[in-house]
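As structure tokens, the structure follows; a few thoughts come after it.
To find a chain, count down the sequence lines: A is the first, B the second, and so on, and within it residues start at 1.
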Amino acid sequence: MLGLDKKDATILLVVIALALLAPFLLNPFPSNSGLAQFNAGYPDLMQRFVIFGIFAIGFNILFGLTGYLSFGHAAFLGVGSYSAVWMFKLLSMNVLPAILLSIVIAGLFSVLIGYVSLRRSGIYFSILTLAFAQMSFNLAYSVLTPITNGETGLQLTLDDPRVLGQTATASGNIPATNVFGLEMRSTYTMDVGAWSFDFNAGYYLCAIIMILAFYLSLRIFRSPFGLMLRAVKSNQQRLNYTGLNPKPYTLAAFIISGMYAGLAGGLLASMDPLAGAERMQWTASGEVVLMTILGGAGTLIGPVLGAGFIKYFENIFSKINDNVLHQWFSFLPEGMEDTLVFLLHPFVGKGWHLTLGILFMLVVTFLPGGLVEGGQRLSRLFRRRSRDTDTTPDPEHHPKESPHVAE
Amino acid sequence: MDAIILQILNGLDKGSAYALIALGLTLIFGTLGVVNFAHGALFMLGAFCAVTLNRLLTLSFETIDETKTDFLGNPMKVKTPYVEAWFGPETGAAIIDWAVPLSILFAIPIMIAIGFAMERGLIKHFYKRPHADQILVTFGLAIVLQELIKLFFGANPIPTPAPDIFRGSFDFGVLLGFDPNVIIYPYWRMVYFLFAMVIIGGVFAFLQFTTFGMVVRAGMADRETVGLLGIDIDKRFTFMFGLAAAVAGLAGVMYAPINSPNYHMGMDFLVLSFVVVVVGGMGSLPGAVLAGFLLGILESFASMTWVKDIVPGIDQIIIYLVAIIILLTRPRGLMGRKGVMED
Amino acid sequence: ARAFTNEPGASSVTLGFNVPQTGPYADEGADELRAYQLAVEHLNGEGDGGMLQTFSSKVLDGTGILGRKVEYVTGDTQTKSDAARASAKSMIEKDGAIMITGGSSSGVAVAVQGLCQEAGVIFMAGLTHSNDTTGKDKKANGFRHFFDAYMSGAALAPVLAKMYGNDRKAYHLTADYTWGWTQQESIQAATEALGWETVNNVLTPLAATDFSSYIAPVLNSGADVLILNHYGGNMVNSLTNAVQFGLRDKQVNGKNFEIVVPLYSRLMAKGAGENVKGIFGSTNWHWSLQDEGSQAFVKSFGTKYGFPPSQAAHTCYVQTLLYADAVTRANSFEPCAVVEALEGGDSSLPGIDSPSNKGYLFDGLGNGPTLYRAADHQCFKDVLVVKGKDNPTSEFDLLEVVEVTPVDQVWYEPDHPMFAGGDLGQCNNGA
Amino acid sequence: MNVKPDFSKNANMAATAPAFLSIYDMHAYYGESYIVQGISFNVHEGEILALLGRNGAGKTSTLRAVARMDAPQATYGEIWLDHQPLHKMKSHQAARAGIGLVPEDRSIIPGLSVEENLQLAQIAEPVGWSIDRLYDLFPRLGERRKQEGVTLSGGEQQMLAIARALARDIKVLLLDEPYEGLAPVIVDEIEKTLIHIKEQGITTVIVEQNAVRALELADRSVILDTGSIVFDGSAAEVLENAELRAEYLAI
Amino acid sequence: MGILEVKGVNKRFGGLQALGDVNLSVAENTVHAIIGPNGAGKSTLLNCLVGKLIPDTGSVMFDGKSVLGRTPYEINQMGISRVFQTPEIFGDLTVFENMVIPAFAKRDGAFRMHAFESVANEKDICIRAEQMLVDLNMQDKMRMHSASLSRGDKRRLEMAMCLLQEPRLLLLDEPTAGMARADTNNTIDLLKEIKEKRDITICIIEHDMHVVFSLADRITVLAQGTPLVEDAPENIRGNPKVREAYLGEAA
Ligand SMILES: Nc1ncnc2c1ncn2[C@@H]1O[C@H](COP(=O)(O)OP(=O)(O)OP(=O)(O)O)[C@@H](O)[C@H]1O
Ligand SMILES: Nc1ncnc2c1ncn2[C@@H]1O[C@H](COP(=O)(O)OP(=O)(O)OP(=O)(O)O)[C@@H](O)[C@H]1O
Ligand SMILES: [Mg+2]
Ligand SMILES: [Mg+2]
């Protein structure tokens with residue numbers, strides 16, 4: 001199917017199913033139960049899941065395949081966002097031209113940075129990309145304020161020209177982002193018994209783009225190009241002596257991942273038309289690195305999982321306050337309730353960083369391949385249970401991919 | 001001229017902080033090859049050693065003073081530090097006043113212990129793992145350390161002054177024949193600079209005049225073979241980690257009076273210290289120190305008004321700009337060794 | 001089906017408290033949260049009622065808001081506009097919050113205010129001091145109780161002139177971002193109007209931690225006053241550095257060298273320790289104020305938490321009450337009705353003769369009579385000029401109020417050039 | 001605790017002289033792949049044993065397991081050297097106990113000069129030959145003492161690896177393909193050195209593809225095939241037994 | 001005029017004259033062996049041919065075009081492939097994938113994006129890669145990670161990768177070192193066959209005289225960076241200078 005073998009097609013189908021059914025899957029708890037706190041199926045967070053998923057998928061094409069660890073990819077995300085917002089300000093509120101421009105500008109920007117940074121490898125490369133991104137951030141925060149609106153972030157205003165659209169709505173507000181009239185924020189809420197599910201136009205646009213982005217990365221992973229990238233990671237010398245110049249391959253990977261980042265940035269701005277400079281800070285670049293490693297660098301689906309994991313903590317755990325804890329444990333006797341709340345208190349709400357830090361350490365220590373490895377171990381456990389003998393070698397003619405490019 | 005001397009002095013001072021942090025980082029990152037994102041946290045822990053000692057020394061008992069009232073109108077509780085009660089108000093106050101220098105003694109064993117624990121408990125499993133994994137685990141650790149400090153000390157900076165005699169500044173310009181007030185320099189920064197020199201010298205001497213440095217470098221390049229030669233490299237790595245933690249911690253202790261410590265001060269320095277180490281060249285201690293001073297001085301120059309008039313915002317980006325230029329003209333930074341983390 | 005975004009049900013109403021819980025302003029955020037929790041208690045009729053009794057509007061009776069129990073959700077802004085918006089969105093989309101409040105930086109306030117305008121909920125800003133919040137970035141759905149940079153300048157300058165004379169040369173260090181710029185612009189204008197000369201204004205990077213290279217040249221510049229347009233960690237460090245360099249012990253132009261910090265907060269003062277002693281600045285509110293409202297608030301806050309509230313806590317508490325009051329007066333949660341109630345008909349501040357002196361006037365919440373001005377949703381009230389206390393009696397007693405600048409001295413017109421360019425737009429009900 | 005295990009049950013162990021190095025039922029894995037599949041053999045004090053087999057037979061793995069390297073992991077079995085239980089040691093302890101391994105890839109340490117590579121070997125006690133004596137043995141190394149070890153020519157690296165082993169006071173020298181990449185004259189030299197070492201009482205296990213040469217030098221031989229021992233006997237026996245040679249050594 | 005013409009090549013490393021005025025002419029479609037003591041500069045010479053090193057002076061012409069100043073991949077594209085002394089393979093990839101890469105390089109010539117095709121669908125490439133593995137008798141290791149091959153197998157893999165490219169000039173740096181005797185013989189046969197079937201010139205460095213004398217049409221003896229003699233194999237064997245400097249008893 002679609003030029004994929006059976007296994008990859010299955011992976012793709014799973015991703016499609018997950019993405020399309022996310023509003024159900026992420027809202028497993030009835031909306032008035034104590035556990036509703038853990039529901040993540042509201043439009044903004046779902047959008048973030050897939051958008052950062054796209055960012056991480058793209059980053060993984062560079063890092064997972066070539067091993068070049070860029071510490072400056074947030075710069076492309078930021079540039080993408082700024083481009084998109086400018087498009088909204090100047091052209092129209094339709095997201096398609098904005099997203100296209102984000103990709104193009106981020107692509108151009110990554111040609112520039114990639115060309116220079118790729119003259120070095122290893123840690124020297126990482127620091128070069130970091131330096132470029134930090135420069136972009138610092139400039140965006142202050143000197144370039146006329147373009148970026150500095151600290152506050154680039155916003156839409158009521159007097160933007162918007163040559164192909166309206167400056168303000170009839171009711172005197174800033175018009176909403178849309179695709180040919182379909183507003184990104186329009187949401188259909190389905191109430192089923194105690195459950196409530198949100199179907200948001202913006203989310204589905206992002207989800208479809210994410211599926212396309214994922215499919216693309218799947219193809220790249222299985223392509224000769226992907227193989228070359230892995231060869232770059234493994235032994236550049238040998239590649240050179242095999243008659244292939246590694247540089248165009250790495251540069252192409254860099255640009256592709258830069259464009260993915262630009263796409264993610266454009267989508268972020270399309271869902272919420274504001275572009276803040278912090279998007280370009282090293283911590284943001286670090287975040288996508290963490291997402292990728294946490295999920296499993298070099299695996300197909302890992303980065304998406306990693307992105308979801310981190311965003312979930314940022315948005316859900318940070319909102320659990322003592323009040324909520326008391327509600328959960330209110331069924332317990334007074335003393336016990338207070339003790340439990342006291343014990344959990346440092347780990348939630350303002351302590352969500354602490355929990356995240358501990359989880360980083362646990363995951364990377366016990367699951368060297370990231371979350372994907374966790375999944376693999378689980379499935380192996382199940383398979384072992386169901387089928388004890390599984391040692392017959394695969395008679396298939398062509399070799400399977402080597403393990404580090406697994407699902 | 002005076003302005004230039006002034007900025008060189010400032011640069012030396014900033015540089016000694018950068019150099020000291022980079023020195024510790026180089027021991028772990030440049031020499032052991034572990035990308036240690038928790039190094040900033042170690043620096044921060046050092047500073048909080050000073051804070052803690054300060055707190056310990058000012059541990060107080062409360063007495064109620066009926067003549068005064070607190071903000072709610074209740075009788076005021078007055079705190080008297082135990083040390084003042086034990087040693088008399090003057091000696092007690094003097095001891096509290098000298099809390100920061102005293103913390104050096106306090107910090108060394110603590111930081112070494114933290115370094116050991118960190119290496120034995122965590123890092124040792126990661127020598128053979130990809131750098132990416134090291135980043136994740138040390139970043140996780142950094143967050144945890146940071147959050148723990150925040151849990152106990154809050155997010156706000158905590159003033160930790162230097163002893164009274166080091167407060168204020170002396171007029172350096174007068175010594176050089178300039179007018180008064182042209183070149184002034186705070187005493188404590190002078191102390192910091194000298195302290196940095198001593199530590200840097202000490203670490204250099206230790207690694208230069210013993211085979212320790214060579215063994216650790218060899219161990220990093222090829223652990224297996226070093227083991228074959230009968231050397232227990234694990235022990236040395238642990239020791240090296242302790243040393244690096246101590247250097248980072250001492251840098252932090254002495255930095256506390258310069259800027260009030262807060263829980264995220266480590267993260268603020270982290271990126272910069274990586275840049276310094278890499279610009280200096282991976283695996284090179286002199287490189288790290290040189291780069292620290294160089295970047296410190298350049299940063300100071302870039303903050304001069306006339307420089308900023310020519311290139312607005314140059315002080316925002318100077319470090320990164322210089323880093324890029326150096327890395328593009330010198331493939332392995334200023335003094336990097338071949339083959340260290342180039343893949 | 002709903003008439004407006006997150007129309008509450010019959011039994012409860014949810015408010016969103018969006019404060020920095022991580023990052024450098026986490027302590028400030030924690031104090032804001034405490035105030036919010038206190039306000040919710042008081043609204044729901046628990047506790048001692050705090051400022052409900054002193055508030056000039058008497059419609060709040062401790063039965064929640066319009067008979068609905070007040071519930072709340074909290075979120076973490078991380079002091080980043082992106083994260084703050086994400087957090088606010090989750091409160092709106094997931095938790096059904098009908099009003100968002102909080103924040104401790106202008107960037108965040110402006111960003112969240114914009115979001116609330118688009119989503120159709122009310123935004124009651126927390127700590128935000130930039131002129132832009134109710135200037136070029138003002139929004140119909142957003143309100144600010146905190147004072148702004150212009151007011152700081154206007155309140156501080158006369159006091160500075162009184163203390164240091166009219167013949168002073170000022171050297172500015174300014175955080176290189178929007179808030180820093182507006183702050184600097186305001187104080188420069190105010191001091192120059194009194195005859196001060198501005199020797200230099202140097203922008204410093206937000207990320208700077210060591211200001212030595214910016215401070216060292218100050219003494220040699222001929223200036224005799226250093227104005228630090230810094231906030232938070234920047235301010236703590238730049239002030240500490242300045243004192244380290246011994247600036248305060250020096251004499252220049254035959255005068256004592258002085259340092260000024262236009263915007264003060266108690267937490268910052270704590271961070272800078274001894275260094276704040278004798279240094280002037282301005283603040284929105286201080287717990288030592290003796291009016292009835294402030295006293296009541298300090299008492300209930302102090303009794304509950306064991307220490308006095310910060311200015312951020314005060315503002316956040318007041319904002320919650322003001323919102324509840326407006327809803328009750330409007331007898332509706334509909335944002336446009338609430339906006340109308342907060343813009344408040346025709347009351348005006350006494351003693352100010354201006355067509356724009358129109359809005360919602362109230363008293364009893366500290367700072368004396370206060371006007372929510374209809375034209376830009378900015379609060380006008382007395383501004384405090386404070387000084388670092390020389391002999392603090394406790395760890396909270398760091399600032400002393402040296403002057404309460406009456407509101408007419410800090411008054412400005414909505415079209416003042418420092419505030420021009422924005423458009424309040426129309427209130428938005430969303431849905 | 002230093003008691004030798006009773007090997008009498010094992011037929012192969014019927015030894016004439018007391019065993020100096022005994023490997024008993026050793027199993028070793030690389031991750032999940034089972035490579036060394038339960039081998040037992042003895043080496044007597046002062047003898048030279050040739051360990052032979054085809055590519056991939058497990059020779060290198062055996063030597064590495066004996067030297068207690070991390071990979072392959074010897075999960076089962078016992079190794080005794082001169083009454084010391086090697087199987088309980090880590091590689092650095094085994095090295096101190098007297099194991100000297102010359103690895104097949106030579107493992108010259110990058111970043112270190114020739115001399116530093118040798119010094120490194122003399123940091124842990126007990127040390128063996130002095131560096132000067134080693135330079136006498138391999139004058140080429142002396143000429144290149146300041147050069148970075150990894151830039152040496154292939155053969156020079158081989159010399160350095162052997163010299164480095166001799167720089168330690170070893171009881172057993174494990175040589176993994178020591179002749180590889182060496183000019184025939186040098187091979188002659190090294191052969192002489194090995195004989196010389198043998199005279200000094202050092203026990204040697206040599207793995208070599210040039211089987212004939214190794215057998216001519218060795219007293220005894222063990223032949224491996226897919227991780228198991230297929231022959232254990234005198235070297236002369238292999239040289240005479242054409243069938244054996246053809247089957248397992250293809251010569 | 002040979003296909004490869006090396007004229008007056010010099011290369012110094014600091015104080016060491018690694019190559020001194022080397023002249024070498026390799027005739028098309030012959031096997032030319034370079035032998036010489038360790039550290040003679042043989043590998044250095046090959047490094048100069050493939051662009052790893054740039055000679056201080058002198059010229060290197062391949063097929064009438066200068067090699068100097070070109071990058072390694074350009075030189076390879078001219079038709080020169082090299083097997084290294086220490087195996088250079090893609091350790092993270094499987095054996096099969098290792099083979100696929102040179103197949104692509106051969107077919108596409110240079111950088112091609114082909115990001116949307118699938119490796120598995122490139123039938124001709126896969127077949128070629130597999131066929132070559134079969135030729136070298138490595139088909140059973142096809143799906144192994146190449147890093148976990150034994151050393152001899154790594155050698156063979158690298159050679160297979162080079163052969164797959166069908167270079168016009170094949171440079172072999174000790175291709176059979178560490179290879180079992182049987183495989184050495186297979187390799188000799190394979191090389192002979194390839195030379196016969198295809199238009200290929202081979203330049204080989206070896207210390208194994210069996211290989212050298214079975215294959216070589218001409219032999220150059222290099223000593224201390226300078227060619228000592230160049231002659232037909234039979235004459236080399238008898239040359240007393242060569243015997244003394246290099247061959248020792250092996251002759
Ligand atoms: N790191 C590794 N991981 C997995 N398998 C390995 C690894 N190293 C070696 N092997 C496998 O172990 C087996 C034995 O390898 P070993 O290196 O011991 O053979 P050898 O007898 O030394 O061969 P050679 O003569 O080629 O050096 C081989 O099949 C090899 O593929
Ligand atoms: N990068 C380098 N720096 C310094 N000396 C070097 C460098 N590379 C090689 N040499 C020296 O140059 C000489 C020639 O080395 P080369 O590798 O060419 O020898 P070779 O003939 O291939 O020997 P072998 O048969 O042992 O592999 C050696 O003495 C070696 O030490
Ligand atoms: Mg082997
Ligand atoms: Mg060679």
Please state whether the side chain, the backbone, both or neither of [X] comes within less than 4.5 Å of a heavy atom of chain E.
X	result
L182(D)	both
E177(D)	side chain
D176(D)	neither

>> Can you pull out every salt bridge (charged side-chain N to carboxylate O under 4.0 Å, His left out) where at least one residue sits in residues 47-56 of chain E? Sequence neighbours excluded, please.
In response: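 Sorted pair list: K11(E)-D56(E).
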> Does anything in residues 155-166 of chain D pair up under salt bridge (charged side-chain N to carboxylate O under 4.0 Å, His left out), and if so which pairs, sequence neighbours excluded?
Replying inline: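 Sorted result for residues 155-166 of chain D: R140(D)-E156(D), R144(D)-E156(D).
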> Which heavy atom in S153(D) sits nearest to a heavy atom in G39(E), and how many Å separate them?
Replying inline: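 Heavy atoms of S153(D) and G39(E) come nearest at OG-N, 3.1 Å.
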>> Testing the basics here: between P37(E) and A183(D), what is the closest heavy-atom pair and its distance to 0.1 Å?
In response: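 So the minimum-distance heavy-atom pair works out to CA-CB, 4.0 Å.
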> Do you know which of K141(E), E174(E), E206(E), K42(E) has the most heavy-atom pairs under 4.5 Å to chain D?
Replying inline: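 Heavy-atom pairs under 4.5 Å are most numerous for E174(E).
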Take atom [atom1] of [X] as the centre, draw a 6.0 Å sphere, and report whether it contains more than 12 heavy atoms from other residues, nucleotides or ligands.
X	atom1	answer
E234(E)	CD	yes
Q224(E)	CD	no
Y76(D)	OH	no
I54(E)	CD1	no

> Roughly how far apart are D208(E) CG and E180(D) CD, rounded to 0.5 Å?
Replying inline: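 If I round to the nearest 0.5 Å, the distance is 11.0 Å.
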>> As an exercise, state the distance from NE2 of H145(E) to OG of S33(D), rounded to the nearest 0.5 Å.
In response: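 With rounding to 0.5 Å, NE2 (H145(E)) is 11.5 Å from OG (S33(D)).
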>> I'd like to check M159(D) versus N38(E) (side-chain heavy atoms, cut-off strictly below 4.5 Å). Are they in contact?
In response: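 A side-chain contact exists here, since the closest heavy-atom pair is under 4.5 Å.
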> Quick one: which residues of residues 147-162 of chain E reach chain D at under 4.5 angstrom, heavy atoms only?
Replying inline: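 Those residues of residues 147-162 of chain E which have a heavy atom under 4.5 Å from chain D are S150(E), R151(E), G152(E), D153(E), R155(E).
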>> Given heavy-atom pairs under 4.5 angstrom as the criterion, report whether the side chain, backbone, both or neither of I35(E) touches chain D.
In response: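 Contact with chain D is absent: no heavy atom of I35(E) under 4.5 Å.
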> Considering heavy atoms only, which positions within residues 53-61 of chain D lie below 4.5 Å of chain E?
Replying inline: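 Within residues 53-61 of chain D, near chain E: R54(D), N55(D), G56(D).
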